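Below: one structure, written as structure tokens.
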Amino acid sequence: VVALAAEKGVRAMVLPGIPLGSQNRGQIELPFCIHTSQTTQFAILRDVVNSLKRQNIKKLMIMSGHGGNIFKAMIRDLMIEDPSLLICHNEWFNIVKRDGFFEEKEDDHAGEMETSVMLHYYPELVKMELAGDGHFKRFAIEGLNQKVAWLPRDWAAVTEDTGVGNPLTATADKGRRYVEAVVPKIVSFVVDFVKGPVY
């Protein structure tokens, strides 16, 4: 993204990734699953923002790779504290609809889409022989399935391996085609965000 933005005359920097986030109660029991609270996440984000402000950098895009990490309230608080800041957030996996790229209709956790993207970028890290079939148990309350309300999933009660969606249908080519649709949208946004006014 940074190299493509540079081709359009925009200088941007990728900060180190933060490999910690919020976990559900059903995942915290799994080996090496580390949970950070919202308070911890906010403290890390505030420290990053304060460091950037001292360098006169006032624009930041948080790119989330995990749907469970919610930054909206944190961003609102930081921008109230300093109205000169512009902080935005995206979830790369929600930018382009998955229709036409993937077969699985219910797929949101280590399923076909995420596995395909990993096969494209880091095939050496994907151990397909360890993958389950992505079978999961739906909520007994239909309103939760229809997203009338939200409740954190108890992964131990929902799946055998925390997978939701069949990774066995994943291919590197599907991942490549999907990111080729997503990346230009992110690049275009970064260029607009850096160059121009928001309003």
Side-chain angles (χ1 to χ4, degrees), residues 1-24 27-28 32-98 101 108-110 113-126 150 152 172 174-199:
V1 169
V2 170
L4 294 171
E7 290 175 10
K8 297 178 183 286
V10 165
R11 291 176 55 202
M13 178 68 177
V14 176
L15 299 174
I18 299 172
L20 299 169
S22 298
Q23 303 300 323
N24 292 340
Q27 287 176 303
I28 196 65
F32 311 111
C33 193
I34 308 299
H35 170 75
T36 55
S37 68
Q38 289 281 303
T39 305
T40 301
Q41 288 183 333
F42 189 40
I44 292 169
L45 180 58
R46 175 177 269 136
D47 286 349
V48 169
V49 167
N50 285 337
S51 297
L52 295 175
K53 281 169 42 178
R54 292 195 54 113
Q55 300 162 38
N56 205 31
I57 297 170
K58 302 289 185 99
K59 292 182 179 181
L60 174 67
M61 181 173 82
I62 302 165
M63 186 178 297
S64 179
H66 192 270
N69 295 297
I70 310 301
F71 294 95
K72 287 182 180 178
M74 299 178 211
I75 291 168
R76 286 185 178 113
D77 285 350
L78 289 168
M79 289 178 64
I80 284 175
E81 290 173 14
D82 185 345
S84 70
L85 293 173
L86 286 175
I87 307 170
C88 62
H89 170 256
N90 84 9
E91 295 176 327
W92 68 265
F93 48 87
N94 283 328
I95 294 172
V96 172
K97 290 187 185 293
R98 300 172 192 188
F101 294 95
D108 74 2
H109 202 262
M113 186 276 284
E114 290 180 350
T115 305
S116 292
V117 171
M118 285 298 293
L119 284 169
H120 170 62
Y121 282 119
Y122 304 105
E124 70 280 5
L125 298 179
V126 180
W150 176 84
K174 289 177 184 177
R176 176 191 57 77
R177 289 188 304 108
Y178 188 66
V179 298
E180 284 177 355
V182 172
V183 169
K185 290 184 177 293
I186 296 173
V187 171
S188 178
F189 175 80
V190 168
V191 169
D192 291 344
F193 187 58
V194 171
K195 281 187 172 180
V198 174
Y199 303 104

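It should be emphasised that the depicted structure is a prediction, and the values quoted were computed from it without experimental measurement. The analysis underlying the following values was restricted to heavy atoms, covering all of them including side chains, and did not include hydrogens, waters or symmetry mates.
Pairing each heavy atom of F193 with each of L86, the nearest pair is CZ-O, 3.6 Å. Nearest heavy atom pair, residue G65 against residue F93, reads C-CE2, 3.7 Å. Pairing each heavy atom of M79 with each of I87, the nearest pair is SD-N, 3.6 Å. Across all non-hydrogen atoms, the minimal contact from K174 to S116 is CB-OG, 3.7 Å. Heavy-atom minimum distance, K59 versus G196: NZ-O, 3.6 Å. The two atoms that bring S64 and H89 nearest to each other are CB-NE2, 3.4 Å, heavy atoms only.
Every residue two or more places apart in sequence or in another chain was checked for a side chain to side chain donor-acceptor pair (under 3.5 Å) with T36, and none qualifies.
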Please evaluate residues I62 and M74 with respect to the criterion side-chain contact (heavy atoms from CB on, under 4.5 Å), reporting the C-alpha separation (whole Å), side-chain torsions for both, the decisive distance (0.1 Å), and the verdict. CA-CA 11 Å; I62 302 165; M74 299 178 211; over 6 Å; no

Does the side-chain contact (heavy atoms from CB on, under 4.5 Å) test come out yes or no for V190 and V194, once each step is laid out? CA-CA 6 Å; V190 168; V194 171; 4.2 Å; yes

Does the side-chain contact (heavy atoms from CB on, under 4.5 Å) test come out yes or no for L20 and T40, once each step is laid out? CA-CA 10 Å; L20 299 169; T40 301; over 6 Å; no

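Heavy-atom neighbours of K8 NZ from other residues, nucleotides or ligands within 6.0 Å: at or below the threshold of 12.
No donor-acceptor distance shorter than 3.5 angstrom exists from the side chain of K195 to the backbone of V10, with no hydrogens or angles considered. In terms of modelled atom types and a separation under 3.5 Å, the side chain of Y178 and the main chain of E114 share no donor-acceptor contact. Using modelled atom types, no side-chain atom of S188 and backbone atom of P184 make a donor-acceptor pair closer than 3.5 Å.
If you take CE on M63 and CD on E91, they are separated by 11.5 Å, rounding to the nearest 0.5 Å. To the nearest 0.5 Å, atom CD of residue Q38 and atom CG of residue L45 are 10.5 Å apart.
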